[in-house]
Amino acid sequence: MTVGTMKSARAKKSQKSKEVIVDEQSPLLPTKHEGDGGFDEFNGASFSGAVFNLSTTIVGAGIMALPATMKVLGLILGIAMIIFMAFLTEASIEFLLRFSRVAKSVSYGGLMGDAFGKYGRMLLQICVLVNNIGVLVVYMIIIGDVLSGTTSSGIHHPGVLEGWFGEHWWNGRFFVLLVTTLAIFAPLASLKRIDSLSYTSALSVALAVVFLIITVGITVFKLINGTILMPRLLPDVTSVMSFFNLFTVVPVLVTAYICHYNVHTIDNELKDNTQIKAVVRTSLALCSSVYVMTSLFGFLLFGDATLDDVLANFDTDLGIPYGSLLNDAVRVSYAAHLMLVFPIVFYPLRLNLDGLLFPSASPLASDNLRFASLSTGLVVIIFLGANFIPSIWDAFQFTGATAAVCIGFIFPAAVTLKDRYGIAMKRDKILSILMIVLAVFSNLVAIYSDAYALLKKNPSHRE
């Protein structure tokens, strides 16, 4: 390529951006109301900023449920499943990006609309609403567990504030979540562009790494002292129901990797959008490494006593120097991480709700009343949900077994099988069929197992 052609290519890319935003007064205002409620034509995001934003989308609350999956699958099969799901997620995102380029769609909803019409777009928007509300409810549940405590199997695990100051009305779950919502979630959720969150995303990833480093350090110390028992390496299958129970962890694993609803937004804001595939692969490599290490060392540390939300385990005597201080550091660092993740998951939730309710309205960012009303309504719903859903495991199995598998695997595979532009290869269609079969079968079994366990646990609930 000559210098002249390089200049020409850069000019074309620059001209493309200018043609789209030439009539806009502010880069915060989207120029299209396509698919998921809006499209932001900002084109200045860096590679590192995009990696941080996508990684933050991935590493949210799901990481806390992963050590509990090791109790069901064992370390060997559990870690293998985490890695397998990372590769499957990368393939599904590649399908989305490839077909979006050909269809000239700038959003996930736009791609679904192109492939399946208005109802396909609406179905995607509903799934994003269900998934993201479920995920954000779980974020609040974890923050409530960390700061105010939780009760599991009749055993109370005190929160950080209760441990520091004793039990008071102002450090109860409801009041703590109310203050967190008003002081932190509401201001962060009011930002109108996802690139504005790149610094908070970087900080949130750093806080997750702090949590991981402390957990690894504690585990290694106890391993050296010989105070950790040999963990289960393989699943304990003794009956047909115990075999079916293995599939109940699949929704949790699927939910842990869901980031598809933010891929297009991050792609649109990249300074060089040819880097999006590298952004996706880098983010998935980073997050799967964090997932594997958290699952491994979290399960090693607590064994069969690992709770559905492993953070709740960090209120026991670890039997090491400064154990209480390290417990608090782990819990507070991850609670702060989730507070910073909240707006990056809330962003597509608000856009998709706006696209569903007001498909023909002006862009959301240009209507302050609509923006504020949708934001306030969603925050209230999430706050109420966090105060009435008792278990993180229940929330993840519900969202994972329904909306998350559609967003992450079924919809990308369906777009590929529809192959409106004739660009799918034979191996793409085979992989798409595998995605759909695996998602449908695993989650049907998961829903059945969950319902059976619930009925068995409460046989006289209606007597």
Side-chain angles (χ1 to χ4, degrees), residues 35-37 57-58 60-62 65 84-100 103 105 107-138 247-265 280 284 345 348-353 355-356 394-420 424 428-429 431-450:
D36 56 1
T57 307
I58 298 171
F84 173 73
M85 284 297 181
F87 280 106
L88 209 59
T89 300
E90 194 275 333
S92 66
I93 293 175
E94 194 275 332
F95 288 162
L96 290 181
L97 291 172
R98 192 198 319 168
F99 281 87
S100 293
S105 296
S107 70
Y108 197 166
L111 177 62
M112 285 293 291
D114 179 77
F116 301 106
K118 179 179 71 172
Y119 294 108
R121 173 181 58 80
M122 291 175 63
L123 182 59
L124 180 276
Q125 290 169 336
I126 291 170
C127 285
V128 172
L129 293 183
V130 172
N131 179 77
N132 288 29
I133 288 176
V135 168
L136 292 176
V137 164
V138 170
F247 292 94
T248 62
V249 304
V250 174
V252 178
L253 291 168
V254 171
T255 304
Y257 279 109
I258 292 299
C259 61
H260 302 63
Y261 48 77
N262 265 343
V263 170
H264 285 84
T265 303
V280 171
L284 286 173
V345 178
L349 170 62
R350 180 175 52 214
L351 282 181
N352 278 275
L353 179 60
L356 187 64
D394 294 341
F396 263 99
Q397 285 177 329
F398 173 71
T399 58
T402 52
V405 291
C406 292
I407 297 170
F409 297 104
I410 293 178
F411 291 162
V415 169
T416 304
L417 291 174
K418 181 72 177 288
D419 194 18
R420 185 179 175 190
D428 296 332
K429 296 190 175 183
L431 184 57
S432 297
I433 294 172
L434 174 64
M435 285 182 185
I436 293 175
V437 171
L438 178 64
V440 172
F441 172 74
S442 298
N443 285 280
L444 284 176
V445 174
I447 292 171
Y448 173 78
S449 299
D450 294 340

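Not measured: the values here are computed from a predicted model. Numbering of residues begins at 1 and proceeds along the displayed sequence.
Going from atom OH of Tyr119 over to atom CD1 of Ile126 covers 11.5 Å, rounded to the nearest 0.5 Å. Taken to the nearest 0.5 Å, the CD1 atom of Ile93 stands 3.5 Å off from the SG atom of Cys259. The distance from atom CG of Leu111 to atom CG of Leu124, rounded to the nearest 0.5 Å, is 8.5 Å. The distance from the CG atom of Leu356 to the CG atom of Leu351 is 12.5 Å, given to the nearest 0.5 Å. Rounding to the nearest 0.5 angstrom, the gap separating the CZ atom in Phe409 from the CG atom in Leu438 is 8.0 Å. We find the CG-CZ distance between Leu284 and Phe87 to be 9.5 Å, quoted to the nearest 0.5 Å.
With no hydrogens or angles considered, a side-chain donor-acceptor pair links Thr57 and Asn262 at under 3.5 Å.
Nearest heavy atoms, Met112 versus Gly120: CE-O, 3.6 Å. Residue Phe95 comes nearest to Ser432 through the heavy atom pair CE1-OG, 3.5 Å, listed as atom of the first residue, atom of the second, then distance. Scanning both residues, Asp114 and Ser105, for their nearest heavy atoms gives CB-OG, 4.2 Å. Considering every non-hydrogen atom in both Cys127 and Ala403, the closest pair reads O-CB, 3.1 Å. Pairing each heavy atom of Thr416 with each of Pro412, the nearest pair is OG1-O, 2.9 Å. Between Ala424 and Arg98 the shortest heavy-atom distance is CA-NH1, 4.2 Å.
In this structure, Tyr108 and His260 have tilted ring planes: the angle between them lies in the 30° to 60° band.
For the pair Phe411 and Leu96, the minimum side-chain heavy-atom distance is 4.5 Å or more. Contact of the Asp428 side chain with the Phe99 side chain is not registered, since no non-hydrogen atoms from C-beta on lie closer than 4.5 Å. Residues Leu431 and Leu88 form a side-chain contact, since some pair of their non-hydrogen atoms from C-beta on lies under 4.5 Å apart. When side chains are defined from C-beta on, Ile410 does not count as touching Met435, because their heavy atoms never get closer than 4.5 Å. Considering only heavy atoms from C-beta on, Val345 comes within 4.5 Å of Tyr261 through its side chain. Asn132 is not listed as a side-chain neighbour of Asn352, based on a closest heavy-atom distance of 4.5 Å or more.
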